[in-house]
Amino acid sequence: MRDLPFVFLLAAVLCATVGMGWGLQIGASGDHGMVAAHAHLNLVGFATMALFAIYYRLTPQAARSRLARVHAVLAIGGVLVMVPGIAVAISGGSPLAAIAGGLSAFASMLVFLATLLIHGVGPREAAAGAALARPPRFV
């Protein structure tokens, strides 16, 4: 199985690929009714997932945590439910899936906030070793 940064980056690239294709279809058709769903797919799907991938690659101790796996399920699941839910709501259907997916995406950001506060940014081992290896520079 691939590691967590790969899973987030793969999700990001899949969201970007589908989002770009959808954007081309929206532009070619001239029907911009689904632009909100398309924008959420690109922003929440691609941008945040890519940032999560970068963070977890830079902070391996966070990527190994159980909280990180919860984060991935909430974030990826949130996008998978929210974007089609927005499309359904725009089309006149029930907004429940959009709301549920949005709540999952929001919960994933809260989990990410907790992860960031717990683990910081960057590998702990390297940061401690680097601090001992060279004196601080003040100039």
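A side-chain contact (heavy atoms from CB on, under 4.5 Å) with H38 is found for exactly one of V18, V83, I86, I26, namely I26.
Interatomic distance, L116 CG to H71 NE2, rounded to the nearest 0.5 Å: 10.5 Å. For the atom pair CD1 (I99) and OG (S94), the distance works out to 7.0 Å, reported to the nearest 0.5 Å. Note that CE of M49 is 5.5 Å distant from SG of C15, once rounded to the nearest 0.5 Å. Note that the OG1 atom of T17 and the CZ atom of F46 stand 9.0 Å from one another [nearest 0.5 Å]. Atom CE in M34 sits 13.0 Å away from atom CG in L41 (nearest 0.5 Å). The distance from atom CG of L113 to atom CG of L117, rounded to the nearest 0.5 Å, is 4.5 Å.
Note: the hydrophobic cluster containing V73 does not contain L80 (ILVMFWY, side chain heavy atoms under 4.5 Å, direct or indirect links). Following chains of ILVMFWY side-chain contacts shorter than 4.5 Å, one cannot reach V44 starting from V81, and the two form parts of different hydrophobic clusters. Under the 4.5 Å side-chain contact rule for hydrophobic residues, F112 and V79 share a cluster. L14 and F52 fall into different hydrophobic clusters, defined by Ile, Leu, Val, Met, Phe, Trp and Tyr side-chain heavy atoms under 4.5 Å apart, directly or through other members. Note on W22: it does not cluster hydrophobically with V88, by side-chain heavy-atom contacts below 4.5 Å among ILVMFWY residues.
Residue A68 comes nearest to L4 through the heavy atom pair CB-CD2, 3.3 Å, listed as atom of the first residue, atom of the second, then distance. Between S65 and H119, the closest heavy-atom pair is CB-NE2, 4.0 Å. When every heavy atom of A37 is checked against every heavy atom of A87, the shortest pair comes out as CB-N, 4.0 Å. Residues P95 and A89 share a closest heavy-atom pair of CA-CB, 3.9 Å.
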Go through the steps to decide whether D3 and V7 satisfy the test side-chain contact (heavy atoms from CB on, under 4.5 Å), and finish with yes or no. CA-CA 6 Å; D3 64 357; V7 170; over 6 Å; no

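At distances below 3.5 Å, at least one donor-acceptor pair connects side-chain atoms of H40 with backbone N or O atoms of A36. Looking at Q25, its side chain never comes within 3.5 Å of a backbone N or O of M20 through a donor-acceptor pair. At distances below 3.5 Å, at least one donor-acceptor pair connects side-chain atoms of H32 with backbone N or O atoms of G30. S29 places a side-chain N or O within 3.5 Å of a backbone atom of D31 that can act as its donor or acceptor partner. When atom types are taken as modelled, the side chain of S104 and the backbone of G77 share no donor-acceptor pair closer than 3.5 angstrom. In this structure, T59 contributes its side chain and Q61 its backbone to no donor-acceptor pair below 3.5 Å.
For F8 and Y55, the ring centers sit 6.0 Å or farther from each other.
Put simply, the side chain of F6 does not reach to within 4.5 Å of the side chain of L9, judged on heavy atoms. T48 places none of its side-chain heavy atoms less than 4.5 Å from the side chain of L43. A 4.5 Å side-chain heavy-atom check between R64 and Y56 finds every atom pair outside the cut-off. Taking 4.5 Å as the limit, every side-chain heavy atom of L74 sits out of range of all side-chain heavy atoms of M109.
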